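Everything on this sheet refers to the single structure shown next.
Please read all numbers here as calculations on a predicted model, not as lab measurements.
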Amino acid sequence: MRIATWNVNSVRARTDRILDWLQRTDTDVLAMQETKCKDEQFPYERFREVGYEVTHVGLSQWNGVAIASRVGIDNVQIGFEDQPGFHKDPEVAPAEEARAIGATCNGVRVWSLYVPNGRELADPHYTYKLDWLAKLHADAVGWLEKNPDEQIALVGDWNVAPTDEDVWDPALFEGRTHTSARERKAFQAFVESGFADVVRPHTPGPGVYTYWDYTQLRFPKKQGMRIDFVLGSPALADRVDKAEIDRGERKGKGASDHAPVIVDLSD
């Protein structure tokens, strides 16, 4: 079984590219982030035509997460328990955002996650990011405690570079989001709780990234960040045969600024 995660940066703008990639790579389950559309705007029929069911949550032209599967989609859950919302004005009730969706695909509980960016360390969005990660962690720990043998894949755009080798210039990011101590601690909490980064052993750094900004020729200069991950529960991690980052899919006209991350599971 092959599962993958990809921040597609607008599913409607890249439908042809995504569908071509799914068939070319023989991927069974794809978690997508930043679909940037409402539910009624998602191109479900295009995916069905090539054999994929889709579950999606999108509330506006921002955010949006989805799971496409050709091996079944069961027990869909939109958002995790106590998932926080956001509003920049603390006097206004936080708004719900489309950042998490879970489904069981052929026995694997897949969560497509788009972690808040954080913006700046002094921005309320940074506090929101840390709270979001903390609430997700609490739920994830609960899932493992309830069923230690459950196969769980927490996948997506985490907007965190966990180590210095996950960013092309650590000094450039000092005092900024994605590499701050509190964000890295929040990410590490998942690992310490039993969710392994199943891709890293197969794609060691430095210089191995999943995201390259569109500006300043970051991609051809190899100036990227590794911020897209597959964290697997112990039962899932034991099944991982191979993992890769499809850097080639970042190339060419109309590419997303993220590359797909792929994991192959044994039967």
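Aromatic ring centres of Phe80 and Trp132: separated by under 6.0 Å.
Taking the ring axis of Trp212 as reference, the NZ or CZ atom of Arg247 stays within 45° of it and closer than 6.0 Å to the ring centre.
No continuous path of ILVMFWY side-chain contacts below 4.5 Å connects Val8 to Trp62, so the two sit in separate hydrophobic clusters. Residues Val230 and Val240 are members of one and the same hydrophobic cluster, defined by side-chain heavy-atom contacts under 4.5 angstrom among Ile, Leu, Val, Met, Phe, Trp and Tyr. Placement of Tyr52 and Val71 in two distinct hydrophobic clusters is found when ILVMFWY residues are connected by side-chain heavy-atom separations under 4.5 Å, directly or transitively. At a threshold of 4.5 Å between side-chain heavy atoms, the hydrophobic network of Ile, Leu, Val, Met, Phe, Trp and Tyr places Leu22 and Leu265 in two separate groups. Following chains of ILVMFWY side-chain contacts shorter than 4.5 Å, one cannot reach Phe229 starting from Val141, and the two form parts of different hydrophobic clusters.
The two residues Arg226 and Tyr209 have their closest heavy-atom pair at N-CD2, 3.7 Å. The shortest heavy-atom contact between Ile18 and Leu30 is CG2-CD2, 3.9 Å. Taking every heavy atom of both residues into account, Thr15 and Arg46 meet most closely at CG2-NH1, 3.8 Å.
For the pair Glu165 and Arg200, the salt-bridge criterion is met [side-chain N within less than 4.0 Å of a carboxylate O]. Using a 4.0 Å cut-off between charged side-chain N and carboxylate O, Arg2 and Asp28 make no salt bridge. The pair Glu249-Arg24 meets the salt-bridge criterion, since a charged nitrogen lies less than 4.0 angstrom from a carboxylate oxygen.
Using a 3.5 Å distance cut-off with no hydrogens or angles, the side chains of Gln151 and Arg239 do pair a donor with an acceptor. Defined by atom type and a distance below 3.5 Å, a donor-acceptor pair is present between the side-chain atoms of Asn9 and Lys36.
Under the 4.5 Å side-chain criterion, counting only non-hydrogen atoms from C-beta, Ser193 is not in contact with Leu144.
Residue Trp158 is tested with Trp111, Tyr114, Phe187, Phe195 for a ring pair (Phe, Tyr, Trp, His ring centres under 6.0 Å); the sole match is Phe187.
Within 6.0 Å of atom CD in Gln61, more than 12 heavy atoms from other residues, nucleotides or ligands are found, so the atom counts as buried in its surroundings. Within a 6.0 Å sphere centred on NZ of Lys135, other residues, nucleotides and ligands contribute more than 12 heavy atoms.
Tyr126 forms part of a hydrophobic cluster together with Leu121, Leu130, judged by ILVMFWY side-chain heavy-atom separations under 4.5 Å.
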